[in-house]
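Letters A, B, ... mirror the listed sequences (proteins, then strands); counts begin at 1.
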Amino acid sequence: MCDEVHAAPRKEGKFRGSSRGSYSFATPRVMVYILPFKERKQTMKEVRTRFAPSPTGFQHLGGFRTAFFAWLLAKRYGGKFLLRVEDTDQERSVPGAIRFIIEELAWFGIQVDEGPSRAELKSLGEDWDEAPNLGGECGPYIQSLRLPRYKEIAEQLIEKGFAYRCDCTPEMLERERNEQMARKEQPGYSGYCRTRSVGAETKHVVRFKMPQRRALSFNDAIRGRVAWETIPLRDTVILKSDGFPMYHLAVVVDDHDMKISHVLRGIEWLSSTPIHLLLYEALGWEPPVFAHLPVVNGPDGKKLSKRTGAAKSSELRERGFLAEAVLNYVSLIGWAPGEGSDQEIFSREELISKFSLEGINEASGVFDPVKLEWMNGLYIRNLPVEEFISRSKPFLKLAEVDLSHDVFAAIAPHVQERVKVLTEVPPMVDFLCERPLQRQMDAMFQKGVDAAKAKEILARAAQVLEALPEFSITAIDQALRGVASELGLKPGPAFVALRIAVTGKTVTPPLFESFAVLGRDRVLSRIRETIGLIA
RNA sequence: GGCCCCAUCGUCUAGCGGUCUAGGACGCUGGCCUCUCACGCCGGAAACAUGGGUUCGAGUCCCAUUGGGGUCACCA
């Protein structure tokens with residue numbers, strides 16, 4: 001009954017016509033995320049999703065969005081989220097990449113239920129003090145540690161006639177390709193070794209026999225039916241000559257072994273799904289539900305890259321973004337709650353309860369750093385003050401702005417609603433330190449305030465402030481306004497001089513509060529110092 | 001080039017045949033608030049790629065065109 005939802009019939013017409021060899025994979029577990037909770041519990045398998053990055057460098061935001069969606073889906077249905085490391089390309093694997101991924105997931109608060117154990121990490125030389133010991137029943141969770149398993153499956157496929165050994169050298173393949181191109185044919189492996197019998201002892205790869213003229217389709221959880229009338233692919237290598245598997249073999253084997261129910265991955269994988277489907281078929285395994293996610297592009301409309309600046313999560317953290325805000329923002333690229341809802345600020349719990357594959361868009365999206373900043377500012381403002389203070393402290397320390405807890409706490413509420421990222425905090429409060437000020441003196445003279453007038457304001461203000469019985473915010477407020485009107489000035493222009501004299505800057509937290517926090521002595525000495533500076 | 005995916009304001013999106021003279025958010029912009037800067041509040045400009053169908057009726061369904069993107073490795 002519920003099968004209808006994802007068996008989206010919109011592509012049906014296109015597909016119906018091909019009668020020969022038509023085959024489609026049923027994906028009955030589609031109903032997993034549309035059945036009411038109680039019903040589901042009795043009939044459904046556990047939802048198990050995974051994030052399977054290859055440790056070839058730094059993941060960007062798009063990668064973590066994929067991980068987050070997979071995590072949300074698992075949590076939504078009380079399932080498990082696993083981390084698997086796809087390091088089958090020895091040459092491209094870079095040391096430290098696994099650690100980066102694990103630490104970033106932790107920063108985002110995406111808990112991994114199953115993943116590499118400490119021993120697995122150690123065996124790869126990827127061990128560090130705070131390394132978590134994930135583990136799980138389906139390990140190892142690092143592909144380079146699962147080589148015998150892939151070999152076993154490859155042998156099985158050869159025995160059953162779905163695959164064969166090929167000892168063609170790269171040079172031979174190259175020559176073949178050149179000849180094909182000269183003849184203006186589609187280049188690709190001809191299948192030379194299909195009918196030969198290459199012994200296991202000679203150096204070889206294992207190739208999967210791709211059927212030609214075969215219709216194939218499946219129900220993508222996001223796009224509905226995707227169909228191929230013929231398989232356009234050549235016999236593809238599934239096991240390399242060095243004994244490592246190719247991606248296609250490794251994913252299929254691992255997703256099966258690890259009982260993955262839903263595969264969420266980037267749309268760049270859509271084209272290779274037929275190979276995976278064929279592999280599942282040959283192995284007699286039931287394929288998981290596939291959901292191919294739209295890509296996230298940079299503001300330039302091109303793929304997210306390291307040069308996109310804020311696209312690297314670790315960089316966002318260093319720049320003072322909050323994990324909650326980043327996750328909230330990133331989840332909005334390609335996903336919306338739907339049902340006419342306008343909501344776009346979600347707690348983690350709300351996201352879990354509202355997330356669904358149906359809400360994911362087909363179209364690619366653009367990462368907008370400006371909106372992220374806005375949202376981060378919103379999250380910062382919504383933080384309890386104490387939380388804001390403790391999160392700001394590392395940034396103060398890094399910027400060598402040395403303030404006591406009490407001093408910073410006194411000004412914090414005013415800073416909190418003025419920053420979008422935490423790195424903006426230190427420059428906003430560094431005037432409270434003992435450091436000598438660099439004053440923007442030239443900004444002082446404007447709107448009817450010349451050097452003489454400025455001196456007058458400062459001198460009078462110093463006098464009045466010194467005489468104040470109590471150096472409180474309201475007292476300072478009244479006193480300073482009094483000075484302004486006494487000198488025939490509006491508060492605005494009058495306070496510019498004072499602000500620069502005491503803080504050195506034109507933009508600061510509110511003046512009276514700043515003065516109160518600084519204390520009378522320092523305010524007075526700074527004002528007097530400035531008077532001497534005016535020519 | 002073959003195959004596949006995609007197409008609503010600049011950007012993220014709502015919209016699942018009539019309630020769309022298309023709603024929200026960021027950004028932009030006019031104003032209010034105001035000691036600067038922010039916050040907050042009120043207002044504005046800004047989009048259904050094009051052409052055919054289907055239908056009493058299409059942003060919503062179908063086809064084509066155009067334009068983007070992906071993929072065709074002993075990379076993932």
Margin query: Under the rule for side-chain contact (heavy atoms from CB on, under 4.5 Å), what residues qualify as partners of R207(A), not counting sequence neighbours?
Written below: Y164(A), C166(A), L173(A), Y189(A), V205(A), D235(A), V237(A)

Notebook entry, point to check: Under the side-chain hydrogen bond (donor to acceptor under 3.5 Å, both in side chains) test, which residues partner S190(A), sequence neighbours left out?
Noted result: E176(A)

Notebook entry, point to check: When we call it a touch if two heavy atoms are under 4.0 Å apart, what does P491(A) touch: a base, just sugar-phosphate, or nothing?
Noted result: sugar-phosphate

Item checked: Pairwise C1' distance, C9(B) and A22(B) [rounded to whole Å] -> 10 Å

Check: What heavy-atom pair brings L465(A) and V523(A) nearest, and what distance separates the two atoms?
Finding: CD1-CG1, 4.0 Å

Item checked: Any residue meeting ring pair (Phe, Tyr, Trp, His ring centres under 6.0 Å) with H248(A), in chain and number order, not counting sequence neighbours -> H276(A)

Next item on the list: Would you please name every residue forming a side-chain contact (heavy atoms from CB on, under 4.5 Å) with T474(A), sequence neighbours left out?
Entry: S472(A)

Next item on the list: Figure out the CD1/P separation between I411(A) and C37(B), and round it to whole Å.
Entry: 17 Å

Check: F218(A) CZ to C5(B) C1': how many Å, rounded?
Finding: 10 Å

Checklist line | Euclidean distance for P, C20(B) against C37(B) (whole angstrom) | finding: 40 Å

Which protein N or O atoms sit under 3.5 Å from an N or O of nucleotides 39-42 of chain B?
from: C39(B); atom 1: O3'; to: R381(A); atom 2: NH1; distance (Å): 3.3

Check: Hey, does the side-chain of R418(A) have a donor or acceptor N/O within less than 3.5 Å of a partner on the base of C37(B)?
Finding: yes

Note to self: Under a 3.5 Å cut-off for both contacts, is U60(B) paired Watson-Crick or G-U wobble with anything, and if yes, with which nucleotide?
What the structure shows: none

Margin query: Mind checking if F244(A) touches a base, just sugar-phosphate, or nothing, with heavy atoms under 4.0 Å?
Written below: nothing

Item checked: Strand partner of A7(B), provided both Watson-Crick or wobble distances fall under 3.5 Å -> U66(B)

Note to self: Using every non-hydrogen atom in the two residues, find where K203(A) and D167(A) come nearest and quote the distance to one decimal.
What the structure shows: O-CB, 3.5 Å

Next item on the list: Searching all strands shown, indicate the nucleotide that pairs with G40(B) (Watson-Crick or G-U wobble; both distances under 3.5 Å).
Entry: C32(B)

Notebook entry, point to check: Among all residues two or more places apart in sequence or in another chain, which pass the side-chain hydrogen bond (donor to acceptor under 3.5 Å, both in side chains) test with E373(A)?
Noted result: R319(A)

Checklist line | Sole candidate of R50(A), R84(A), R149(A) that passes salt bridge (Lys or Arg N to Asp or Glu O under 4.0 Å) when paired with D257(A) | finding: R149(A)

Margin query: Centroid separation under 6.0 Å, is that true for the rings of F495(A) and F512(A)?
Written below: yes

Margin query: Between C16(B) and U60(B), how many Å separate the two C1' atoms, rounded to a whole number?
Written below: 7 Å

Next item on the list: Quick one: closest heavy-atom pair of D89(A) and K240(A), and the distance?
Entry: CA-NZ, 4.0 Å

Check: Is it the case that more than 12 heavy atoms not belonging to K151(A) sit under 6.0 Å from its NZ atom?
Finding: no

Note to self: For E155(A), give me all partners under side-chain hydrogen bond (donor to acceptor under 3.5 Å, both in side chains), at least two apart in sequence or on another chain.
What the structure shows: R165(A)

Next item on the list: Provide the Watson-Crick or G-U wobble partner of G1(B), both distances under 3.5 Å; none if there is no partner.
Entry: C72(B)

Notebook entry, point to check: Which value, in whole Å, describes the distance between the P atoms of nucleotides C48(B) and C4(B)?
Noted result: 30 Å

Note to self: So if I define the base as every atom that isn't primed, P, OP1 or OP2, how would nucleotides 7-14 of chain B read as a B/S/- string at a heavy-atom cutoff under 4.0 Å?
What the structure shows: S---SBSS

Checklist line | Rounded distance in Å between the C1' positions of C61(B) and U55(B) | finding: 10 Å

Next item on the list: Nearest whole angstrom, please: distance from the P of U36(B) to the CG of D477(A).
Entry: 13 Å

Check: Does the side chain of H292(A) come under 3.5 Å of the side chain of T273(A) through a donor N or O and an acceptor N or O?
Finding: yes

At a cut-off of 3.5 Å, list every protein nitrogen or oxygen paired with a nitrogen or oxygen from nucleotides 43-47 of chain B, distance to 0.1 Å.
none

Notebook entry, point to check: When you compare A47(B) with G23(B), how far apart are their P atoms, in angstrom units rounded to a whole number?
Noted result: 11 Å

Margin query: Suppose you measure atom P in C3(B) against the same atom in U8(B); what distance do you get, rounded to whole Å?
Written below: 25 Å

Next item on the list: Give E424(A) one of three labels, base, sugar-phosphate or nothing, depending on what nucleic acid heavy atoms sit under 4.0 Å from its own.
Entry: nothing

Item checked: Any residue meeting side-chain hydrogen bond (donor to acceptor under 3.5 Å, both in side chains) with R481(A), in chain and number order, not counting sequence neighbours -> D477(A)

Checklist line | Rounded interatomic separation in angstrom, taking CZ from F431(A) and P from C37(B) | finding: 16 Å

Check: Can you name the side-chain contact (heavy atoms from CB on, under 4.5 Å) partners of N328(A), sequence neighbours left out?
Finding: S331(A), L332(A), I345(A), F346(A), M375(A), Y379(A)

Next item on the list: Determine the interatomic distance between P on G31(B) and the same-named atom on U71(B); round to the nearest Å.
Entry: 49 Å

Item checked: d(CD, E229(A); P, G2(B)) in whole Å -> 15 Å

Next item on the list: Give a yes or no on whether the ring-centroid distance for W269(A) and Y247(A) is below 6.0 angstrom.
Entry: yes

Next item on the list: Summarise how protein sits on nucleotides 66-76 of chain B as a single string, 5' to 3': B when a protein heavy atom is under 4.0 Å from the base, S for sugar-phosphate-only contact, - for no contact.
Entry: ----BS-SBBB

Note to self: Without decimals, in angstroms, what is the distance between L293(A) CG and C6(B) P?
What the structure shows: 14 Å

Checklist line | d(CD, Q212(A); C1', C3(B)) in whole Å | finding: 13 Å

Notebook entry, point to check: Given atom CG of L480(A) and atom C1' of U36(B), what is their separation to the nearest angstrom?
Noted result: 13 Å

Checklist line | Partner nucleotide of A14(B) by Watson-Crick or wobble geometry (both distances under 3.5 Å) | finding: none

